[in-house]
Every structure is written in structure tokens, then in C-alpha cells.
Amino acid sequence: MKWDLILSNSFYTAISANAVAYILVASGLNVHFGYTGLLNFGQAGFAAIGAYSLSIPISRYDWPWPLAMLLVVVASVVLALLLGIPTLRLRADYLAIVTIAVAEIIRLFMNSVRFTWLTGGNDGLQGFTRFMENINPFPDDGITLWAQKVDGYRLWLLVTGWILVALVSTGIWALMRSPWGRVLKSIREDEDAARSLGKNVFAYKMQSLIIGGFVGALGGMWLVLDKQSSQPQDFSTTFTFFAYTIIILGGIARAKGPVIGTMIFLFVIQFVDITLQQATRTTPTDPTPLLPEWIVDENNFSQVRFIVAGLALAVLVIVRPQGIFGDKREQAFDVR
Amino acid sequence: MSASAVSYQPVPGSKKDDAILVVDGIRRAFGGLVAVNVDHVEVPRNKITALIGPNGAGKTTFFNLLTGFDAPDSGTSMFNGRRLDGMAAHKVARLGMVRTFQLTKALSRMSVIENMRLGAAHQKGENIFRGLFAPMWRAQEAEITARAEELLARFNLAHMRDELAGGLSGGQRKLLEMARALMVEPEMVMLDEPMAGVNPALKQSLLEHIKGLRNEGRTVLFVEHDMDMVREISDWIIVMAEGVVIAEGTSDDIGSNQAVIDAYLGAHHDSDLGGS
Ligand SMILES: Nc1ncnc2c1ncn2[C@@H]1O[C@H](COP(=O)(O)OP(=O)(O)OP(=O)(O)O)[C@@H](O)[C@H]1O
Ligand SMILES: [Mg+2]
């Protein structure tokens with residue numbers, strides 16, 4: 001087993017531009033669910049809107065990138081309004097149903113054969129990252145972090161991504177310690193109480209949906225910038241549930257929760273994955289793998305990683321139910 | 001008795017010289033059950049008015065209808081000459097009519113002091129853009145905190161300042177909810193059974209707080225089952241039964257009112273109505 005490779009690759013995965021995308025998507029969900037109590041099951045939809053609002057105009061219509069980024073803002077706000085206006089006055093479950101449905105509609109639309117001319121369909125879209133490559137100050141062959149090689153473009157995305165994470169997390173932290181954030185938390189606890197004190201609950205929920213949705217869209221954008229390809233299958237409902245796992249791990253309603261949650265989540269998944277990969281590998285010179293084939297072989301380990309990772313995460317949640325940064329005292333009361 | 005002197009006709013729907021709240025023909029049915037059917041009621045300004053009646057009389061529903069938490073099937077209500085019916089709950093509160101709930105709504109995973117701060121009206125930092133920049137709201141936050149601490153001390157909650165509200169006892173939550181409502185500085189306070197579950201010693205001081213509200217110029221409408229409490233602080237009493245206002249008057253008028261006695265005896269025989 002090449003432990004230095006396994007560990008360095010797992011660490012890199014936990015801080016990569018891909019991790020930045022997960023952090024942003026989860027941070028947005030944290031605003032919705034963690035602070036406001038909004039049951040958004042369609043965060044992947046916001047991420048998809050962010051991804052495609054960048055990739056479609058640039059690859060298909062040669063828009064300058066600032067204009068495409070403006071579209072990311074506009075489109076995520078519009079999506080939040082579309083989701084929020086009909087549902088935010090209703091009981092919480094309506095938002096859950098509508099968000100999960102709309103996120104799936106977006107993904108299916110991006111995947112549909114009929115609109116391949118626009119979205120690229122199943123093959124997705126490429127060639128929208130040139131602007132990012134052009135302003136990349138790092139040499140193309142990049143650097144080596146421990147035993148992990150990182151190319152110049154990924155390094156550039158990593159650095160700018162973490163600057164973005166710092167900005168977004170600080171912004172969310174600043175908002176949540178303000179009286180504005182206090183109103184959001186009061187809505188999470190009991191929206192009728194907030195109303196009885198003169199707070200316009202609908203308006204605050206809408207603002208929360210917009211802010212969290214926009215941050216999620218930034219995450220989607222970073223995801224496809226990293227992959228240099230935007231593909232519909234990256235925005236399935238699983239992505240939303242990964243984001244829930246992340247905020248529960250890191251500690252719900254904590255600004256640094258999504259950061260730490262993502263790092264643990266991605267580290268565990270990647271570590272299990274490549275450890276299994278190594279442990280099941282057979283070579284002509286060494287035909288017997290480390291793990292007996294009746295347990296797992298090199299063809300099915302990629303399924304097993306989620307089982308093992310799931311177990312690892314379950315243990316973590318049992319040992320520390322409030323998450324890494326959560327407040328233990330809050331666990332004493334019913335969530336709802 | 002400390003009630004300030006009033007001299008209105010002790011009949012249902014009687015005129016008050018200076019009514020802060022005027023209700024006309026408010027009706028609310030749940031399926032076949034008519035929960036509230038109030039013909040006409042006026043609540044006098046700067047007085048303490050009690051709303052009493054047997055369980056299921058429609059008192060809480062009436063509160064909900066007035067405060068925008070439920071919409072009447074028909075009828076109007078006017079607060080300071082402004083129509084309330086059909087108005088969103090938060091707007092009613094902003095007009096100066098703030099209610100508490102029979103089933104308390106403490107914000108469990110927020111500290112007691114945060115619960116209190118939330119109550120304050122016109123907070124600059126509640127705007128998202130100003131919220132982002134602490135210097136824009138810090139001074140006001142300090143004022144609010146000072147006022148909140150003062151109220152907490154008055155309500156014997158000062159020692160719980162930094163505890164999560166979810167950790168309070170049932171009675172303490174009642175106190176917190178009332179104190180929080182006062183943070184809004186409402187012109188009219190609507191209290192739904194504020195004394196339920198509060199221990200007798202504290203009840204006495206709560207009564208003093210409620211009287212204090214009147215001295216500050218506020219109007220109080222409260223629901224209460226304990227007739228001794230009602231008698232001790234209310235200037236005026238409105239009696240509901242089966243959704244209808246069946247009597248109004250001072251505690252002396254009510255105690256000797258046959259309709260009231262009948263309504264209570266129908267519901268619970270052991271009620272002590274006392275009076276005359
Ligand atoms: N949401 C609702 N749906 C159906 N029926 C309701 C609803 N709210 C109240 N009711 C009915 O309306 C009637 C009046 O209820 P309400 O809660 O107003 O009584 P109350 O006078 O506050 O009683 P209590 O003194 O026990 O608090 C009751 O018969 C109740 O069952
Ligand atoms: Mg009631």
C-alpha cells in the first residue's frame with residue numbers, strides 16, 4: 001500500500017477546487033436549512049443553474065465571462081423567487097416537495113435530447129473555462145503537494161476558490177450574528193412567534209432562499225469550472241443529500257460547519273475509495289489482492305466506498321451528534 | 001381594589017367613550033362549529049380588560065382573528081380607527097397590538113436574551129444590507145440589550161439571561177413570552193392566559209406588571225381562568241360562551257349576572273365566580 005499517495009490524494013481532495021464547490025453548495029443550504037429552517041431538497045437545482053448559466057452563454061454564444069457571471073446572479077435569484085413565491089406562505093413540506101421536483105426538472109431539461117443544441121444534453125458542455133485559464137498566473141505544470149501533483153489551472157481554481165469561500169463564509173457569519181440573522185433563526189424556531197413580534201416572515205424567508213440559492217449557484221459554477229465540463233448527472237438529488245450530510249457533520253447553523261463538514265466528508269470518501277482501489281488491485285506479477293475477492297474485488301469497490309464511508313459518517317454522528325462545531329446544549333431540545 | 005373607575009353600561013356590546021378596539025359582527029366557523037360569533041364589542045383604551053369564559057368558548061380563536069393569525073368569515077375589527085381584518089399578523093403587531101400565545105412559543109434554540117432582543121421594533125440591523133455591517137446597528141443593539149435586561153430583571157429571569165430558552169420551565173416561558181412582547185413597546189397587549197403555570201408568588205408580581213402597563217398608558221386585554229386574578233386587576237370584564245359575548249361589566253356586575261352563572265355551570269360547576 002502506498003500510504004503517502006493515499007493520504008496526500010485524500011488530503012488534496014478535501015481542499016481541492018471540487019471541495020470548494022461542495023463547501024459553497026453546503027453553505028447555501030446551511031442558510032436555508034440550518035439558519036432559517038427551510039426544507040430545501042433542491043439545492044442541486046441551484047448548483048445546476050449556476051453551472052449552466054456560466055457554461056451555456058460562454059460555450060454557445062461567446063458571451064464575455066462577466067456577463068455570464070451576471071447571469072448566474074440573475075438566474076439564481078429568479079429560481080429562488082419561482083420556488084419561494086408559491087410555497088413560502090404554505091407549510092414547510094410544500095417547499096420540500098417543490099424544490100425536489102424543480103431540481104429534477106432542471107436536471108432532466110439539461111439532459112434532454114431535444115435541447116442538446118443548447119445544453120449539450122448528456123455529453124454536457126465544454127470550452128467555457130478559457131477565461132479562467134487566461135488569467136491563471138501559475139505555470140501549467142503546477143506544483144506537487146506532498147505526493148500529489150496539482151496542475152496550474154487546478155491550483156489557480158483552488159486559490160481563487162478558497163478566497164471565495166473566505167468571502168462567502170465571512171459574509172454569512174456577519175449576517176447571522178446580525179439582527180437580520182436573528183430573525184431568520186426565530187423563523188426556524190417558530191415562525192408564528194416571529195410574526196407576533198412584527199417580523200415579515202415571508203420576506204425574510206424569501207431573502208434567505210435567495211442568498212442561499214445564490215451561494216449554491218456559485219458552488220455549481222465552481223464545480224464545472226473544476227471539471228471543465230458541465231454535465232447534468234453532476235446535479236442529481238444525491239448532490240443535495242451530500243450537502244445535508246456535510247452540514248450535519250460540520251454542525252448545523254455554524255458558519256465554518258460547511259467547510260469542516262466538506263473536508264471530512266470528501267476526505268473519508270476519497271480515502272476509502274483509493275484504499276479499496278489499492279487493496280483490490282491485482283497485477284500480473286502479484287495476482288492476489290490484499291483483500292480477498294469474495295469480500296470486494298476491483299470491479300465493485302466503487303460501490304463499497306459509499307457503504308464504508310456511510311458507516312464512518314454514522315459513527316461520527318453517533319459520537320458527536322451536534323456535529324463538529326455544533327452546540328451540545330441545542331441537542332437537548334426537539335428540533336421541531 | 002385597584003381597578004380604575006369605569007362607568008360603562010354593563011351590557012354586551014356596550015359603548016366605551018374611548019375605545020381602542022372596536023369589533024363588529026366577527027364570525028368564524030370551523031366546519032359546522034361556530035367558534036366565534038361576536039356581534040359588537042368595544043375595548044376601552046388604557047384599561048385592563050379581561051376576557052373570560054368556559055373552555056372552548058372561543059377566546060383564543062377571537063384573539064387569533066383580531067391579531068391576524070386567523071381570518072374571520074365575516075365582520076370587521078378596527079384598531080385605533082384602522083381596519084385589522086384581513087391584515088397580515090406582522091402588520092397588526094407593527095400597528096401596536098401584540099399578542100402572546102396560550103401555548104407558549106419560546107424560541108428554544110436561542111438564548112433568553114436573544115429572544116428578548118428579537119422583540120424590539122424598528123431594528124436597523126434587521127435590514128439585510130445594514131445587517132452585514134455591524135457598526136450600523138451596534139449602538140442600537142446596546143440600547144435594546146439594556147432595555148431587555150431591565151425587563152428580564154422585572155420578570156425574575158435575569159439569571160437565565162444566557163441560557164437557551166428551550167431550557168426554561170413552563171412558567172418561565174410564559175414570563176419570557178410576556179416580557180418579549182413588551183420589547184415591542186405595544187400600545188395594546190393581548191395576553192392569552194399569561195398566568196397559567198406561574199407560581200402564586202410570581203403571579204402576584206405579574207399582576208403588578210400588568211397594572212404597571214396600564215400606568216404606562218398601554219391597554220391590556222387578557223384571557224384568564226383564575227377569577228381571583230381577574231377580579232383583582234381588571235377594570236372591565238367581557239364574558240364569552242359558545243362564541244358569543246354574553247355579558248360585560250365590572251367584576252361586581254359579572255358575579256351577579258345570571259347568564260354568566262348559567263354559562264359556567266353548564267361547563268364547569270366548581271368555578272368560583274364570587275362577585276357581589
Ligand atoms: N383550528 C381549528 N379547527 C377546528 N376547530 C377549532 C380550531 N380552533 C378552535 N376550534 C374550536 O373552536 C372552539 C373555540 O376554541 P378556542 O380555542 O377559541 O377556545 P378558548 O375559549 O380559548 O378555550 P380555552 O379556555 O380552553 O383556551 C373550540 O370548540 C375548538 O374546538
Ligand atoms: Mg384558549
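- Shortest non-hydrogen contact noted between B:Arg180 and A:Ala193 is NH2-CB, 3.9 Å.
- Sequence neighbours left out, not one pair with a member in residues 88-103 of chain B passes salt bridge (Lys or Arg N to Asp or Glu O under 4.0 Å).
- Taking CG from B:Leu132 and CG from A:Leu175, the interatomic distance works out to 4.5 Å, rounded to the nearest 0.5 Å.
- Contact annotation for residues 245-255 of chain A against chain B (heavy-atom separation below 4.5 Å): no residues qualify.
- Between A:Ser186 and B:Met110 the shortest side-chain heavy-atom distance falls below 4.5 Å.
- In this structure, B:Phe69 CZ and A:Asp192 CG are separated by 5.0 Å, a value rounded to the nearest 0.5 Å.
- The main-chain N or O of B:Arg109 is found under 3.5 Å from a side-chain atom of A:Glu189 such that the two form a donor-acceptor pair.
- Contacts between A:Leu184 and chain B at a heavy-atom distance below 4.5 Å are absent for every atom of the residue.
- A 6.0 Å sphere centred on OH of A:Tyr94 holds no more than 12 heavy atoms belonging to other residues, nucleotides or ligands.
- Look at B:Glu141 and A:Arg182 and you find a salt bridge, because one of the NZ, NE, NH1 or NH2 atoms lies within 4.0 Å of a carboxylate O, short of that distance.
- Taking non-hydrogen atoms and a 4.5 Å limit, the residue list of residues 120-130 of chain B in contact with chain A, ordered by number, reads B:Ala120, B:Gln123, B:Gly125, B:Glu126, B:Asn127, B:Ile128.
- For A:Arg89, the CZ atom counts as loosely surrounded, since its 6.0 Å shell holds 12 or fewer non-hydrogen atoms of other residues, nucleotides or ligands.
- Contacts between residues 194-205 of chain A and chain B, counted as heavy-atom pairs separated by less than 4.5 Å, involve A:Arg195, A:Ser196, A:Leu197, A:Gly198, A:Lys199, A:Asn200, A:Tyr204.
- Residue-environment remark: CE (B:Met136) stays at or below the threshold of 12 foreign heavy atoms within 6.0 Å.
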